Amino acid sequence: MVKLETSELKSALFQSLQTTTCMPRGTDKMYDQLYDLLLNTVDRGEGNSALLVGPRGTGKSALVDYTIGQVRNDCNSCFIQVYLNGFVCIDDQQALKEIAKELCPKSDLESLNLSSFSSTMTFLLETLNSGDKGRQSVIFVLDEFDLFTQHHNQHLLYNLFDLSQSKSTPIALIGLTCRQDVMELMEKRVKSRFSHRQFFLFGPPTFDEYAAIAKDILCPEKVSSVAWKKHVEDVFTSSDYKVKTYLERIYNFNRSIGILKNCLTWVPLQMESNSPKINTDALEEKLIEVFKDSKAALIQSMSRLECCILIAMARLSTKHANQPFNLEMVLHEYKEFIAFEGGKINALPNHDLAVQALEKMIKSQLVRTLSSRQSKVQKDYKLMYLNIDIMDLTNIFKTCTLPSSIQKWAQSVLTF
């Protein structure tokens, strides 16, 4: 009987870990607005468009999939969903082929010359405008939306946004992107046809929210075992529990729910058939491995200049109690170190190289910018935070091959 219950529990946990169709925590208002937007398209024949903007792993795709699923369940009207990914559709021609496969019967595709961009676009526009589908609504989901803006003249985006404003066929266009400056990537004529609706997702704002998401994943609705739910609650509320500490470290570095799910996959994998409990040792080991690989290897491969800039950032974060800083402040801190060394490190940091190093750290999520409202601010003065725990950073620097003076400077971060 115990083995049967454990098997059912494992199955429910694996399903919870693998599902991407759910409403992320804290997105209730966004869900309501996105639901109304899609419902207006499907049920009332309105054309709409919107963008979901946020870092990877914050739940953009999950929110869209969940909302579309709810609209499909609640609405009597039928609609077609077309999914395009910017990594797959490297140009407009490839994107048109994918759209044609979703919208057109195979018999029409065989007679259609898909090698010609103009003929394919003309055929699709006629299909959508003619209402041959009985004015069936179409929902376009463009993942990696920013990559579509790199297509020649942005013909596809222009035509899709233009169709979303027409009265022929109800169309909703939902774009997903990590680029907060996505509006600046669109041409003026494309931007003029966009509704300018943007939803920003930033992931769980606090560790308590992050831990609550972990508990939700481990206690899905299909699990009815009171003993299991109490066991999970005890794991996350115990003050001396190490797994919670490692989860907090990963949260401080990367709030991606995908990484969290990868870590928690070890819970059902290591569960014994006669004892449905979390194998804390195996989970601890997995968390340490993910934490170490994602940060230590990256920092150990950095150049000396990049390490010095990162140390300067850490000193500023400690000195000013985790207040935001900018590149100008970082370079000033670095120059003070050089002056203190009395010329032992005789070269001042090259400004262009410092900017490149900063951009690399932002892409690798070691540093995060304050907000998207700084798009017009000069690079030297954009505010940012260090996205890594100071204690962990100093421990990683101990394993790096650096001159003794820089190594001593790195360890001095903790002395403020």
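Quick caveat: nothing in here was measured; it's all calculated off a predicted structure.
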Going through the checks in order, is the side chain to side chain donor-acceptor pair (under 3.5 Å) test met by Y83 and N85?
CA-CA 7 Å; Y83 176 84; N85 190 296; 3.2 Å; yes
Drop me the distance from [X]'s [atom1] to [Y]'s [atom2], to the nearest 0.5 angstrom.
X    : Y    : atom1 : atom2 : result
L96  : C89  : CG    : SG    : 9.0 Å
I171 : S137 : CD1   : OG    : 9.0 Å
I174 : L51  : CD1   : CG    : 8.5 Å

So, applying side chain to side chain donor-acceptor pair (under 3.5 Å) with H332, which one of E328, K335, E336 is it?
E336
Tell me the closest heavy-atom pair linking [X] and [Y], and the distance in Å.
X    : Y    : value
M361 : M302 : CG-CE, 4.1 Å
F325 : M313 : CE1-CG, 3.5 Å
L386 : V367 : CD1-CG2, 4.2 Å
M30  : L63  : CB-CD2, 4.2 Å
R56  : S256 : O-CB, 3.9 Å
I311 : A410 : CD1-CB, 3.6 Å

The test is side chain to side chain donor-acceptor pair (under 3.5 Å); show your working for Q300 and T399 and say whether it passes.
CA-CA 7 Å; Q300 288 168 353; T399 65; 2.7 Å; yes
Please step through side chain to side chain donor-acceptor pair (under 3.5 Å) for the pair R193 and S49, ending with a clear verdict.
CA-CA 9 Å; R193 282 159 175 76; S49 57; over 6 Å; no
Are E333 and K319 close enough, and set up right, to give a salt bridge (charged side-chain N to carboxylate O under 4.0 Å, His left out), and what steps lead you there?
CA-CA 11 Å; E333 186 75 19; K319 191 186 297 184; 3.0 Å; yes
Please work out which of the three classes, parallel, tilted or perpendicular, describes the rings of [Y] and [X], given edges at 30° and 60°.
X    : Y    : result
Y251 : F207 : perpendicular
W228 : H231 : tilted
W409 : F337 : parallel

Are F145 and L157 close enough, and set up right, to give a side-chain contact (heavy atoms from CB on, under 4.5 Å), and what steps lead you there?
CA-CA 10 Å; F145 180 86; L157 292 181; 3.6 Å; yes
May I ask you to check whether over 12 heavy atoms, not counting those of K277, lie within 6.0 Å of atom NZ?
no
Are more than 12 heavy atoms, taken from residues, nucleotides or ligands other than K408, located less than 6.0 Å from that residue's NZ atom?
no
Charged tip of R189 within 45° of Y158 ring normal and under 6.0 Å:
yes
Candidate pair L218 and I278, rule side-chain contact (heavy atoms from CB on, under 4.5 Å), full reasoning:
CA-CA 10 Å; L218 294 176; I278 297 175; 4.3 Å; yes
Before you tell me yes or no, could you show the steps for D92 and H155 under side chain to side chain donor-acceptor pair (under 3.5 Å), namely the whole-Å CA-CA distance, both residues' side-chain angles and the distance that decides it to 0.1 Å?
CA-CA 7 Å; D92 284 351; H155 282 310; 5.8 Å; no
With a 3.5 Å cut-off and no angle check, do the side chains of D146 and T177 form a donor-acceptor pair?
yes
